[in-house]
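In this chain, residues are counted from 1 in sequence order. No hydrogens, no waters, no symmetry mates; every other heavy atom, side chains included, goes into these values.
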Amino acid sequence: MKPLPPQHDVSALAERIERFVRDIVVPYENDPRAHGEEHGPTDGLVDELRQQARAAGLLTPHILPDGSQLSQRDTATILKKSGLSILGPVALNTCAPEEGNMHLLGKVASPELKARFLKPLVEGRVRSAFFMTEPAEDDGAGSDPSMMKTTCRLDGNHWVIDGRKRFITGVKGASVGIVMAKSDAGACMFLVDLPDPAIRIERIIPTIDGSMPGGHAEIVIENLRVPAGQMLGAPGDGFRYAQVRLSPARLSHCMRWHGVATRAQEVASAYACRRTAFGKLLIEHEGVGFMLAENLIDLQQAALMIDWCADVLDAGSLGTVESSMTKVAVSEALSRVADRCVQVMGGSGLIAGTVVEQFYREIRAFRVYDGPSEVHKWSLAKKIKRDVLGGGRTGSAA
């Protein structure tokens, strides 16, 4: 691995990001624009935060000046710091779906498509959306992408796409879209300019979380014409390219939400060390102190899982098994951390608008998106079956 330029010494970069998030970004958490009319921070606030990050030399810190990307291990170091505020990843341009989409385009897009679609994303001038999930009532794709109903057909030098999508994060206000559809040859992936009259937003879905710019939309795609040159790869490459994005995107979620849970622990610990009840500080009551101690254990174990999976990806593996294990372990651990923080703070932890209350809701949603725990466990169980039956092992005590 080539050495990083001096301005990208990862330890120093992480320290700068942490100072920026704590000093500059955290005060914005009380800005009314942080909770827009429908969902998440407004585009005006996103632009303002990114201007601050750009001025500090911290915008898109996981992408190097030559366009290459930091290792997953180094990305973990900085993304955990960016997550110390819900608004941190938005400000630094390390948020979903931008981070995952940039990773994918950096790996598989042609030079021409990179210049047109990736460059403005890296520069933080536009937002993006990834169109895969479909309505459950249509038996569309969710955790099982093979159920995809959205179709694409070749018409001259264009592909025509029709279908419905749901929970498409950030599409309202986005300029770049990655659309998945199925052809006779298999799944396909297209880059599209947004907005497009053929892509109609039916509604922004009210959800338990509220931190994503643009929210989660339900959309209809009718007769969307995409030039053939805007397909990523060849017909049928869609699922293979999705795998390129999948494991790193799962892992970067873990990185960011680790920062959120760390901040929740800080807030709850500070509360327990100043609030008194029954003649002593809350922290001195075993029931409270033990919860905060268990949080430290969960946070450390989650960090080790993240680093382990990052090392697997950095070694060149797709890491599908390891990322599934990490997604389950980290999302469940961080959910326990957030839940205990609410409990430690009692009524104060339930107040709408407090960071701990919001952190709890956001992390709870994390246990569902990018595959709920049950789907990942099912996938792991299938691997166990293959390993045992394929290897001829009977499971005897011997």
Single-linkage hydrophobic cluster [X]~[Y], side-chain heavy atoms < 4.5 angstrom:
X: V356; Y: V337; answer: yes
X: I78; Y: L84; answer: yes
X: M180; Y: F167; answer: no
X: V192; Y: M102; answer: no
X: M148; Y: V244; answer: yes

What is the minimum heavy-atom distance between [X] and [Y], and which atoms define it?
X: A91; Y: L49; result: CB-CB, 3.6 Å
X: K114; Y: G106; result: NZ-O, 3.2 Å
X: V46; Y: P213; result: CG2-CG, 3.9 Å
X: C273; Y: L281; result: O-CD2, 3.5 Å
X: L13; Y: P61; result: CD2-O, 4.0 Å
X: C254; Y: L334; result: O-CD1, 4.3 Å

Under 3.5 Å, is there a donor-acceptor pair between the side chain of [X] and the main chain of [Y]?
X: S68; Y: L64; value: no
X: T60; Y: V122; value: yes
X: D237; Y: A234; value: yes
X: S252; Y: A249; value: yes

Check: [Y] and [X] side chains under 4.5 Å, non-hydrogen atoms:
X: H62; Y: L92; result: no
X: D311; Y: Q72; result: no
X: T169; Y: F130; result: no
X: W159; Y: S183; result: yes
X: I178; Y: F117; result: no
X: R50; Y: N93; result: yes
X: Q265; Y: L292; result: yes
X: E29; Y: V26; result: yes

Discussion item. Could you go through H258 and I306, starting from their C-alpha distance and side-chain angles, then the distance that decides it, and tell me whether this counts as side chain to side chain contact (heavy atoms under 4.5 Å, CB included)?
Written reply: CA-CA 9 Å; H258 189 280; I306 290 168; 4.1 Å; yes
Going by side-chain heavy atoms closer than 4.5 Å, which hydrophobic residues are tied to [X], directly or by a chain of links?
X: I208; result: none
X: M147; result: none
X: L304; result: none

So how far is it from [X] [atom1] to [Y] [atom2], rounded to the nearest 0.5 Å?
X: K327; Y: E332; atom1: NZ; atom2: CD; answer: 8.0 Å
X: Q52; Y: F20; atom1: CD; atom2: CZ; answer: 6.0 Å
X: L318; Y: Q243; atom1: CG; atom2: CD; answer: 6.5 Å
X: S335; Y: E362; atom1: OG; atom2: CD; answer: 12.5 Å
X: S323; Y: L313; atom1: OG; atom2: CG; answer: 7.0 Å
X: S11; Y: R16; atom1: OG; atom2: CZ; answer: 13.0 Å

Practice prompt. Please lay out, stage by stage, how S324 and R250 fare under the test side chain to side chain contact (heavy atoms under 4.5 Å, CB included).
Written response: CA-CA 8 Å; S324 281; R250 286 176 187 163; 3.2 Å; yes
Item to complete: Might you work through the side chain to side chain donor-acceptor pair (under 3.5 Å) test for S211 and D209, ending with a clear yes or no?
Response: CA-CA 6 Å; S211 64; D209 62 334; 5.2 Å; no
Is atom [atom1] of [X] surrounded by more than 12 heavy atoms (other residues, nucleotides or ligands) closer than 6.0 Å?
X: D184; atom1: CG; value: no
X: K81; atom1: NZ; value: no
X: E286; atom1: CD; value: no

Would you call [X] and [Y] a salt bridge, taking side-chain N to carboxylate O under 4.0 Å as the test?
X: E137; Y: R164; value: no
X: R340; Y: D298; value: yes
X: R361; Y: E357; value: yes
X: R73; Y: D314; value: no
X: E134; Y: R166; value: no

Discussion item. So, applying side-chain contact (heavy atoms from CB on, under 4.5 Å) with K172, which one of D43, I219, I204, L194 is it?
Written reply: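 By the side-chain contact (heavy atoms from CB on, under 4.5 Å) criterion, K172 pairs with just one of D43, I219, I204, L194: I204.
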Discussion item. Please evaluate residues T94 and M255 with respect to the criterion side chain to side chain contact (heavy atoms under 4.5 Å, CB included), reporting the C-alpha separation (whole Å), side-chain torsions for both, the decisive distance (0.1 Å), and the verdict.
Written reply: CA-CA 11 Å; T94 60; M255 299 169 189; over 6 Å; no
Which of parallel (below 30°), tilted (30 to 60°) and perpendicular (above 60°) describes [X] and [Y]?
X: W257; Y: Y369; value: tilted
X: H285; Y: F278; value: perpendicular
X: H253; Y: F366; value: tilted

Worksheet item: With sequence neighbours left out, what residues match H376 under ring-ring contact (aromatic ring centres under 6.0 Å, His included)?
Response: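 For H376 there are no ring-ring contact (aromatic ring centres under 6.0 Å, His included) partners, ignoring immediate neighbours.
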Discussion item. Holding to ring-ring contact (aromatic ring centres under 6.0 Å, His included), I want the full list of residues that pass it with Y241, two or more places apart in sequence or in another chain.
Written reply: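 Y241 satisfies ring-ring contact (aromatic ring centres under 6.0 Å, His included) with no other residue.
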Worksheet item: Where do L113 and L105 land on the side chain to side chain contact (heavy atoms under 4.5 Å, CB included) test, with the steps shown first?
Response: CA-CA 8 Å; L113 292 178; L105 297 183; over 6 Å; no
Worksheet item: According to the side-chain hydrogen bond (donor to acceptor under 3.5 Å, both in side chains) rule, which pairs have a member within residues 185-194, sequence neighbours left out?
Response: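 Every pair satisfying side-chain hydrogen bond (donor to acceptor under 3.5 Å, both in side chains) with a residue in residues 185-194: R116-D193.
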Discussion item. Using a 6.0 Å distance limit plus a 45 degree cone around the ring axis, check whether R263 lies over the aromatic ring of F359.
Written reply: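 Not flagged: R263 not positioned over aromatic ring of F359.
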Discussion item. For the residue pair N295 / R336, report whether a side-chain donor-acceptor contact shorter than 3.5 Å exists.
Written reply: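 R336 vs N295: no donor-acceptor pair found between side chains.
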